[in-house]
Amino acid sequence: MVKAVVGANWGDEGKGKITDMLSEKADIIVRFQGGANAGHTIVNNYGKFALHTLPSGVFYDHTTSVIGNGVALNIPALFNEINEICEKDVPTPKILVSDRAQIVMPYHILFDQYEEERLGGKSFGSTKSGIAPFYSDKYAKIGFQVSELFDEETLKDKVERVCELKNVLLEHMYHKPKLQAEELLATLHEYREMVAPYVADVSLFLDKAMKAGKTILLEGQLGTLKDPDHGIYPMVTSSSTLASYGAIGAGIPPYEIKEIITVVKAYSSAVGAGAFVSEIFGDEANELRMRGGDGGEFGATTGRPRRMGWFDCVASKYGCRLQGTTDVAFTVLDVLGYLDEIPVCIGYEVDGAVTTDFPVTVKLEKAKPVLKVLEGWKEDIRGIKEYEQLPEKCRTYIEFVEEQIGYPITMISNGPKRSDIIYRNSPLKKAES
Ligand code: GDP
């Protein structure tokens, strides 16, 4: 049984918390895309953790954590994370790294920085983790696969070729120091030592696990709107954030993914540049930012303040559709308890016409939000366990959102802890089955 946990929005929806929670009943948790550029924040019995590379199920001793072939693998970052969790007395995790995963090289991180510098005010707002240069090289077929670390001849030869190519850009385009082949080779030897105990044929491992009836969770990073094909291109990430890519990035058949749990946040936040139709500013935004998430809406990797906005039904409906949602986990709802009134974006006005279908980026840039104002419930809803015990106005908010997006809200997260979850029988779910 394979389930995917993915985001409908711009990322930071709370996927980490939902994955951590669902991991209790899972055997294997797989990261299938992205790298150390975004983070999940997880609060559990061992403390508070910001994970960037390890899957969120790493805190249970019955689970195996897998880094799939689709991931941008930053080997030193992975090892720092393993050490950090071991220092906080989490049981030593079982970790497998795909022999087909590719490696984020030190020069990918440098090129990311140099390119953002060169673009100046027109930069993408990259986290400078080397992700875009990494995926560019993967598809240009000059990336380094983990398996290649173990073939000295291939490695030496490739290092020389890649240095030759990169040095032209470093010297003439960026005017920065050139790469030294011997130094790079030595770094890769260190990486080999670090990763060797974990390397495995992951797709074969998963195939056997599926045949043995194990439960596998695929954990996505970021959300639909950051997908390079279906998101707000070019202000997107460089690997697909969709559940369907989980099949590729883990190496399993697409029909094995039976449940797609799309995490949708009760208000909007985004990092980096790009159109953000329901964005709010000033004091209104500051207040939501300070109260948001668990201790404020600030980047888990960079610490930078996130951009804030009201809930966007247009973007979330689209986000859920592209994921192939079977269940919506509606998160961070407790945060909205301070508001007298809660505006919700129910349509986009583009060139004088209102639409509820999410447009391509050039049109999105021109969209203005059509807002509907719902009444706030003015109560702290943390600690509530039953749907019927939520204040009526809070249920109205949930049911309004569900109707607008058209996908069943079956989980409501009302706090950052594993236990802060309310299960709900959605009428949309019943109609479906
Ligand atoms: P992810 O990348 O999708 O996993 O999201 P992040 O971890 O970056 O952001 C989610 C933040 O919200 C984290 O600080 C979580 O601890 C916190 N969080 C998750 N669910 C809830 C919730 O229901 N309520 C509150 N208040 N915080 C939550």
Side-chain angles (χ1 to χ4, degrees), residues 4-23 29 31 33-59 127 129 217-226 237 241 243 261-272 287-308 311 316 319 323 328-339 379-385 390 394 397-398 409 411-424:
V5 179
V6 287
N9 307 124
W10 298 263
D12 308 314
E13 298 94 346
K15 294 176 296 294
K17 178 237 160 113
I18 300 293
T19 308
D20 178 62
M21 186 189 95
L22 294 174
S23 299
I29 298 95
R31 281 282 315 266
Q33 46 92 212
N37 51 329
H40 295 300
T41 313
I42 294 163
V43 186
N44 57 29
N45 307 339
Y46 299 105
K48 185 170 176 177
F49 299 85
L51 296 183
H52 304 282
T53 304
L54 284 172
S56 303
V58 75
F59 299 100
T127 60
S129 313
L217 283 186
L218 302 177
E219 179 180 24
Q221 182 212 39
L222 296 168
T224 305
L225 304 171
K226 292 284 185 181
T237 193
T241 56
I261 297 141
T262 304
V263 185
V264 176
K265 188 148 103 173
Y267 55 88
S268 302
S269 73
V271 285
E287 175 136 41
L288 185 55
R289 182 180 304 113
M290 295 313 292
R291 289 174 177 270
D294 180 32
E297 290 283 356
F298 298 90
T301 303
T302 56
R304 61 187 165 175
R306 292 176 181 149
R307 297 164 69 193
M308 306 304 297
F311 186 77
S316 302
Q323 292 292 7
V328 170
F330 197 49
T331 56
V332 218
L333 187 61
D334 50 303
V335 162
L336 299 181
Y338 73 99
L339 289 159
E379 254 186 74
D380 182 4
I381 59 162
R382 282 202 196 181
I384 294 178
K385 301 281 173 213
L390 286 170
C394 180
Y397 186 82
I398 296 165
I409 298 179
M411 282 169 256
I412 294 141
S413 174
N414 58 338
K417 294 205 216 80
R418 269 179 197 167
S419 54
D420 296 327
I421 196 82
I422 300 169
Y423 292 96
R424 168 175 181 261

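When reading the values below, keep in mind they use all heavy atoms of this one structure, side chains included, and skip hydrogens, waters and symmetry mates. Numbering starts at 1 and runs along the sequence shown. Just so you know, ligand 1 is whichever comes first in the structure, and atom 1 is the first atom listed for that ligand.
Within the 4.5 Å cutoff, the side chain of Ile18 has heavy atoms near those of the Ile421 side chain. Arg289 is listed as a side-chain neighbour of Pro305, based on a closest heavy-atom distance under 4.5 Å. Counting heavy atoms from C-beta outward, Met411 and Tyr423 have side chains that approach closer than 4.5 Å. A heavy-atom distance below 4.5 Å is not found between the side chains of Val58 and Ile29. Between Val6 and Thr241 the shortest side-chain heavy-atom distance does not fall below 4.5 Å. Two residues are said to be in side-chain contact when any heavy atoms from C-beta on lie closer than 4.5 Å; Arg382 and Pro416 meet this criterion.
Heavy-atom contacts of Arg306 reach the following atoms of ligand 1: 8 (O) (cutoff under 4.0 Å). Close approach of ligand 1 to Ser413 (heavy-atom distance below 4.0 Å) involves ligand atoms 20 (N), 21 (C), 22 (C), 23 (O). Using a 4.0 Å cut-off to heavy atoms of Glu13, the atoms of ligand 1 that qualify are 3 (O), 5 (O). Under a 4.0 Å criterion applied to the non-hydrogen atoms of Val335, ligand 1 contributes the atoms 26 (N). Distances below 4.0 Å separate heavy atoms of Asp294 from the following atoms of ligand 1: 12 (O), 14 (O), 16 (O), 17 (C), 27 (N).
Put simply, no part of Asp420 is less than 4.0 Å from ligand 1, judged by heavy atoms.
Residue Gly415 has at least one nitrogen or oxygen atom sitting less than 3.5 Å from a nitrogen or oxygen atom of ligand 1, judged on distance alone. The shortest N/O to N/O separation between Gly293 and ligand 1 falls below 3.5 Å.
The proximity of Arg382 to ligand 1, defined as any non-hydrogen pair under 4.0 Å, is limited to the side chain. Contact annotation for Asp12 and ligand 1: heavy atoms of both the backbone and the side chain come within less than 4.0 Å of the ligand. At a heavy-atom distance under 4.0 Å, atoms from both the backbone and the side chain of Lys15 approach ligand 1.
Ion pairing between a basic and an acidic side chain is recognised when a charged N comes within 4.0 Å of a carboxylate O; Asp294 and Lys48 show such pairing.
Comparing heavy-atom distances from atom 5 (O) of ligand 1 across Gly7, Gly299, Gly14 singles out Gly14 as nearest.
A perpendicular orientation is assigned to the rings of Phe311 and Tyr397, their planes being inclined by more than 60° (bins at 30° and 60°).
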